[in-house]
There are 2 protein chains.
Amino acid sequence: MGWREVRAARSGILHAMNAMESNIRILVADDHPLLREGLSGMIAGQPDMKLVAEAENGEQALQAFRTHQPDITLMDVQMPRMNGIDAISAIRAEFPAARIIVLTTYKGDVQALRAIKAGASGYLLKSMLRKDLVETIRSVHAGRRRISADIASEMAEHMADDELTARERDVLSRVAAGNANKEVAVQMGISEETVKTHMKNVLTKLSAKDRTHAVVVAVRRGIIDI
Amino acid sequence: MGWREVRAARSGILHAMNAMESNIRILVADDHPLLREGLSGMIAGQPDMKLVAEAENGEQALQAFRTHQPDITLMDVQMPRMNGIDAISAIRAEFPAARIIVLTTYKGDVQALRAIKAGASGYLLKSMLRKDLVETIRSVHAGRRRISADIASEMAEHMADDELTARERDVLSRVAAGNANKEVAVQMGISEETVKTHMKNVLTKLSAKDRTHAVVVAVRRGIIDI
DNA sequence: CGAAAGCTCCCCCGAACGAGGGATGAACTG
DNA sequence: CAGTTCATCCCTCGTTCGGGGGAGCTTTCG
C-alpha cells in the first residue's frame, strides 16, 4: 500500500532508546526502496534517532507527515506523484515549523534554490557519507540550516542568474521534445514570434550557445526533465 | 511482505544453510555510500548471502574481485575511475565465469545492451524491491540470466535500431555541448560536410526530429552523458 | 500610483540547419 | 573475392535559427 510503518522492532537498541526522551523522529520519503533501506539502516545505528514512517512519493509524504508529524523529514526531490519540492511546499503550508532536509543525487543548483525557497532546511547529496548525514540531521534538528559545501558553491555561481519563467520552461520543454518554434507556437496557441522571443530569453538566461545547448544546461541544472 | 514472514523465512533457511554451508559471497560496487548501506542491510537480512567486499569505483571493484573472487558482483554502471561496463569487461577478461549483476538508476537500453555484451548476467533497476533483488541474486547464482521486465521491453524496442558509431557519438556529444557543425568540424579536424553527414545519420538512427531532440533521445537511452 | 516583470507580437537579415542527392577509399567479413 | 560498414567529402536548396531592434498589455508589488 502506501507508506508503511517501519519495522523498527528489528533493532533491540531502539527499544531501549524509546525510553529516552530525546529521540529525533524521522520521516523518509524516497522512491528507491534500496535507498530507504540504506537510510533506515543508518538511522537504526543512531541511538538518538528513530524512523517513524516511510513514503515513496510526495503525496504519501504529505499524508505521512500529517499522521506522524516527524521532527525531521528526509525528502528526495525526484519522485513520482508529486515531486519533492511540491511536497515540501505542501507540508510547510500546513506545518510551518516542519524541518525538511532535501536529499538528491544531482547537485542541480536550481533544484537547490527551489527547495530552499520552498522551505527546506538542508540540502544534501546522496553521495554523502553517513557521518555528514547524521551530523546534518542533528544540526537541522537543533534549528540550524545545513547546505553542503559543493551545493552552496554551485548555488552561489548561479545566484545572480535569472530563473526561467513558467512560460519559458514550457517552451524549452517542447523544444527539447524536438519541436520547431512553429510547432511549439501551434501547441501553445501563440505566435511563432512569441516563441522565438521566449527562446531568445532562455538562451540569454542560461548562457547557452544554441537551443540544443540550452536544453542540456537546463537538464543539468534541474530546470527541466527529459 | 510483512516483517513476521521475513523472520519466519529467515530462520527456516538459516537452519537449512547451517547444514549446507553454501553462502552466496557478494561484492558490491557502487559509489553511493547510502546505496551500499542499503544493499548491505538487504544482504545481511538474507541468511544464505554474505557481503565479502565493497568498492566505490571500477578499479576497486576489479581489485576486490581479484582478492575475494565473489560468487556474485552487484555493479553500478555509473562510477568514477572506470565505469561499470569497463569494470565488467576487465573482470570477465580475467575471470570468465564471474557472475555480475548490473544495478542502475536509469533504464537506458543502450547501457543495458552494453552491459550484457560486456558479460553481465543480470540488469536491474535500483528502484526495484528487495524481493526482486534477492530473487535475482539467487537466480543468477544458480546460473540463470535475469533481466528485469521493463528493461527487456526497452531493449526489444530498440534491438532493430542501429547503434551509433564512435564517430557519430563523438559528433553528437560536441553538438550537445553547444557547438555548431562548423565548430565540431574544426575540433575534430574534419570538414563541416562530414559533420553534417554524421548528424544526418544520427538523426535517422535515433528517429529524432532535429539535433536537440537527438541529444535528448541519446541521453535518455544512455548513449551519451551530459 | 508608478515601476518592474512577464507575456505577447512585429520587423529585418545573415547564418545555420537539414533533406535531397552522389562519391571515394579503407577495413572488415563471409 | 565480393559485400558491407565506416568515415570522409562534395553539391543544391528551402527552412529554421538566432541576434538586433521596438512595442503594447496585464499583473504584481512597494
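Every chain is numbered from 1, with letters handed out A, B, ... down the list of sequences. Everything numeric in this text was worked out from a predicted model, so none of it was measured.
- Protein atom CG of A/Asn201 is 14 Å distant from nucleotide atom P of D/dG21, rounded to whole Å.
- Applying the side chain to side chain contact (heavy atoms under 4.5 Å, CB included) test between B/Leu34 and each of A/Leu125, A/Leu35, A/Leu124 identifies A/Leu35 as the sole match.
- Within 4.0 Å (heavy atoms only), B/Thr194 reaches at least one base atom of the nucleic acid.
- Not counting sequence neighbours, the partners of B/Ser191 by the side chain to side chain contact (heavy atoms under 4.5 Å, CB included) test are B/Glu193, B/Thr194.
- Atom CG of A/Leu206 and atom P of D/dG19 are 12 Å apart (whole Å).
- Residues satisfying the salt bridge (Lys or Arg N to Asp or Glu O under 4.0 Å) test with A/Glu192, not counting sequence neighbours, are none.
- Without hydrogens or angle criteria, B/Glu94 side chain to B/Ile91 main chain gives no donor-acceptor distance under 3.5 Å.
- At whole-Å resolution of the value, CE in A/Met188 and P in C/dC7 are 9 Å apart.
- We find that CD1 of B/Ile190 is positioned 10 Å from C1' of D/dC9, with the value rounded to whole Å.
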Below 3.5 Å is the cut-off: list the nitrogen or oxygen pairs between protein and nucleotides 16-23 of chain C, distance only.
unit_1 : atom_1 : unit_2   : atom_2 : d
C/dA16 : OP2    : B/Lys182 : NZ     : 3.3
C/dC17 : OP1    : B/Arg211 : NH1    : 3.1
C/dC17 : OP2    : B/Asn181 : N      : 3.1
C/dC17 : OP2    : B/Asn181 : ND2    : 3.3
C/dG18 : OP1    : B/Arg211 : N      : 3.0
C/dG18 : OP2    : B/Arg211 : NE     : 2.9
C/dG18 : OP2    : B/Arg211 : NH2    : 3.3
C/dG18 : N7     : B/Lys196 : NZ     : 3.2
C/dG18 : O6     : B/Lys196 : NZ     : 3.0
C/dG20 : O6     : B/Lys200 : NZ     : 2.6

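- Protein atom CZ of A/Arg167 is 16 Å distant from nucleotide atom P of D/dT26, rounded to whole Å.
- Between A/His198 and the phosphate of C/dT8, there is a side-chain N or O to OP1/OP2 separation shorter than 4.0 Å.
- With rounding to whole Å, A/Lys205 atom NZ is found 10 Å from C/dA5 atom P.
- Under the side chain to side chain contact (heavy atoms under 4.5 Å, CB included) rule, B/Met75 has a single partner from B/Leu27, B/Ile85, B/Asp30, B/Ile100, which is B/Ile100.
- Put simply, CD1 on A/Ile43 and CD1 on A/Ile26 are 4.0 Å apart, with the number rounded to the nearest 0.5 Å.
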